[in-house]
Amino acid sequence: MAGIQFDDVTKRYDDGFEAVKHMNLEISDGEFMILVGPSGCGKSTALRMIAGLEDITDGELKIGESVVNDKAPKDRDIAMVFQNYALYPHMTVRDNMGFALKIAGEDKGSINQKVEEAARILDLSGHLDRKPANLSGGQRQRVAMGRAIVRSPSAFLMDEPLSNLDAKLRVQMRTEVSRIQQRLGVTTVYVTHDQTEAMTLGDRVAVMRGGQLQQVDTPKELYNHPRNIFVAGFIGSPSMNFFTAHVEDGKVRLPFGEVDLPQGVQAGGEVIAGIRPEDFEDATLTGDLPDHLVFEAPIDLVESMGSEIYAYFPVEAPVAQSDELAELAADSGLADVPSAGEEAQVVARLAPESEVKEGSKARLSLDTTKLHLFDPSDGSNIAHRGG
């Protein structure tokens with residue numbers, strides 16, 4: 001096993017486009033690192049540079065103690081799992097998993113031992129003599145992972161390996177991937193567009209935008225202390241609510257009330273306020289709590305998910321505008337959805353016991369200690385930068 005280090009790494013194409021810009025990232029030996037971000041952010045390019053499938057324009061990339069900028073992929077001691085499985089249809093599961101070892105000249109007994117051990121880990125022992133066409137999508141992906149495992153590499157590289165699976169199977173396979181990585185303890189770099197995968201799988205998560213790292217942290221820190229509005233909006237489902245607010249005389253004037261400026265935060269004038277859906281609750285369930293703002297909201301839409309309720313309501317405040325929020329809207333497909341310029345739509349995640357109804361007013365409670373404030377000029381988290 002080995003750690004991986006990006007030292008001021010840049011990938012620039014012949015037309016001048018920089019897919020990855022001055023990337024500095026240290027991945028520890030045995031760590032599960034997630035690269036996440038919208039389409040075109042550079043995450044797959046970064047992964048392909050580790051694999052040796054993309055040349056490095058500037059900077060240094062190390063695997064273990066070796067600089068690998070000029071090493072061929074076969075000499076890097078890595079194994080890659082792709083989105084499309086890349087299995088040989090005419091070969092059995094056993095032959096697919098052992099093919100790389102056969103090419104490397106290992107003896108048949110050793111290959112069978114490694115394949116059968118990997119099959120036990122992946123619950124594929126009963127399928128070794130079947131061909132890919134006779135397997136489910138999840139089984140095919142496990143075969144692709146088995147092909148990587150039998151090589152006992154220094155690092156696993158996974159490029160959106162679950163994106164071809166249906167939603168229910170993706171959840172199951174997330175658990176499998178996490179279990180296998182913990183059991184093997186191999187350094188793993190995993191690329192995904194799905195922030196839920198990122199938050200549930202990774203020891204740490206690197207959020208990328210426009211070829212640059214925005215924040216590298218544990219899932220909990222990314223969620224609770226995003227450095228900027230882009231990270232705040234990308235992490236969390238449903239995503240954070242944003243709207244314009246005004247700070248004056250130590251108070252934050254929100255569309256539904258006034259609250260104290262968070263302790264230690266220095267700000268004035270217009271800001272962008274961010275509130276996660278789960279920081280609202282039905283006030284009839286909570287009663288009066290310290291540090292909570294209770295207000296009435298006209299409910300437009302209610303979605304019952306069984307374990308929780310999503311309540312949507314408008315607020316009289318201009319929709320927050322920034323380049324980061326525009327990019328997030330484009331990535332999520334919301335850029336073309338019309339919205340009223342003087343009304344922002346807010347979603348609240350409420351307990352399933354809530355009796356809120358569409359077309360009526362509801363008393364909601366907001367935990368004001370969870371309020372995030374962002375500078376409209378550069379998107380930075382005002383609390384994170386310390387004033």
Side-chain angles (χ1 to χ4, degrees), residues 1-12 18-37 41-83 100 144-145 147-162 174 177-195 197-219 221-222 231:
M1 295 187 292
I4 298 170
Q5 184 174 340
F6 288 81
D7 186 3
D8 202 29
V9 170
T10 294
K11 172 60 183 179
R12 187 182 305 109
E18 290 187 338
V20 174
K21 306 172 185 177
H22 304 288
M23 186 169 180
N24 291 286
L25 178 64
E26 188 166 344
I27 303 165
S28 302
D29 187 2
E31 184 175 21
F32 199 150
M33 173 65 75
I34 308 289
L35 303 182
V36 69
C41 71
K43 57 188 185 293
S44 288
T45 303
L47 190 79
R48 289 170 64 84
M49 284 193 287
I50 300 173
L53 302 177
E54 292 279 3
D55 293 331
I56 295 169
T57 308
D58 295 310
E60 233 177 39
L61 178 65
K62 289 182 179 180
I63 299 178
E65 297 301 317
S66 302
V67 176
V68 298
N69 290 41
D70 300 320
K71 278 192 176 183
K74 65 182 179 62
D75 298 325
R76 298 191 179 200
D77 193 23
I78 53 92
M80 196 158 182
V81 180
F82 295 94
Q83 173 181 342
M145 291 178 63
R147 187 174 51 196
I149 289 170
V150 297
R151 294 175 55 194
S152 301
S154 295
F156 290 139
L157 308 181
M158 300 189 182
D159 192 3
E160 304 204 46
L162 308 185
R174 277 207 307 265
V177 170
S178 181
R179 178 180 63 82
I180 292 162
Q181 197 276 338
Q182 288 178 22
R183 178 171 176 175
L184 298 174
V186 178
T187 307
T188 301
V189 185
Y190 186 109
V191 163
T192 181
H193 179 276
D194 185 339
Q195 62 89 25
E197 275 184 22
M199 296 294 280
T200 54
L201 281 173
D203 295 326
R204 287 191 301 156
V205 178
V207 182
M208 296 186 68
R209 174 189 177 227
Q212 295 180 308
L213 288 174
Q214 300 296 298
Q215 187 171 351
V216 182
D217 226 320
T218 63
E221 281 298 303
L222 287 176
V231 175

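Computation of the quantities below employed the complete heavy-atom set of this structure, encompassing side-chain atoms and omitting hydrogens, waters and symmetry-equivalent molecules.
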ask   = Do the side chains of L162 and D194 get nearer than 4.5 Å, heavy atoms only?
value = no
ask   = In Å and rounded to the nearest 0.5 Å, what is the CG to OG1 distance from D203 to T218?
value = 10.0 Å
message = What I'd like to find out is whether the side chain of Q212 reaches to under 4.5 Å of the side chain of H22, using heavy atoms alone.
response = no
ask   = Which atoms form the tightest heavy-atom contact between K43 and T192, and what is the distance?
value = CE-O, 3.3 Å
Side chain to side chain, Q215 and L222, heavy atoms closer than 4.5 Å = yes
key: Residue pair A2 / D29: nearest heavy atoms and the distance that separates them   = N-OD1, 3.4 Å
note = dist L53:CG -> I78:CD1 (nearest 0.5 Å) comes out at 7.0 Å
inquiry  = Tell me if a side-chain donor or acceptor on R76 pairs with a main-chain N or O of V68 at a distance below 3.5 Å.
reply    = yes
ask   = What are the two closest non-hydrogen atoms of H193 and G37, and how far apart are they?
value = CD2-O, 3.6 Å
key: Gap between atom CD of E65 and atom CD of Q5 - 0.5 Å precision   = 9.0 Å
Non-hydrogen atoms of G52 and P73 that approach each other most closely = O-CG, 3.6 Å
query = Heavy atoms, side chains only, cut-off 4.5 Å: are I4 and L61 in contact?
reply = yes
Residue pairs fulfilling salt bridge (Lys or Arg N to Asp or Glu O under 4.0 Å) with at least one residue in residues 48-61, sequence neighbours excluded = K11-E54, R12-D58, R48-E54
ask   = Hey, is the main chain of G59 close enough, under 3.5 Å, to the side chain of N69 for a donor-acceptor pair?
value = yes
key: Nearest-0.5 Å distance that lies between atom CG in L201 and atom CE in M33   = 13.5 Å
key: Heavy-atom pair of closest approach, residues A206 and V216   = CB-CG2, 3.9 Å
task = Begin with the C-alpha distance, continue with both residues' side-chain angles, and end with the deciding distance and a verdict on side chain to side chain contact (heavy atoms under 4.5 Å, CB included) for M158 and M145.
result = CA-CA 9 Å; M158 300 189 182; M145 291 178 63; 4.1 Å; yes
query = Of all residues at least two apart in sequence or in a different chain, which pass the salt bridge (Lys or Arg N to Asp or Glu O under 4.0 Å) check with D159?
reply = none
query = Quick one: are I63 and K71 in side-chain contact, heavy atoms under 4.5 Å?
reply = no
inquiry  = Measuring only between side-chain heavy atoms, which start at C-beta, is V207 closer than 4.5 Å to Q195?
reply    = no
remark   = Looking only at heavy atoms, the pair that brings R151 and A100 closest together is CD-CB, 3.9 Å
message = For the residue pair Q181 / Y190, report whether a side-chain donor-acceptor contact shorter than 3.5 Å exists.
response = no
key: Rounded distance [0.5 Å steps], CG in L35 versus CD1 in I27   = 6.5 Å
key: CZ on R204 to CD1 on I34, rounded to 0.5 Å   = 11.5 Å
key: Check: D77 side chain, P153 main-chain N or O, donor-acceptor pair, under 3.5 Å   = no
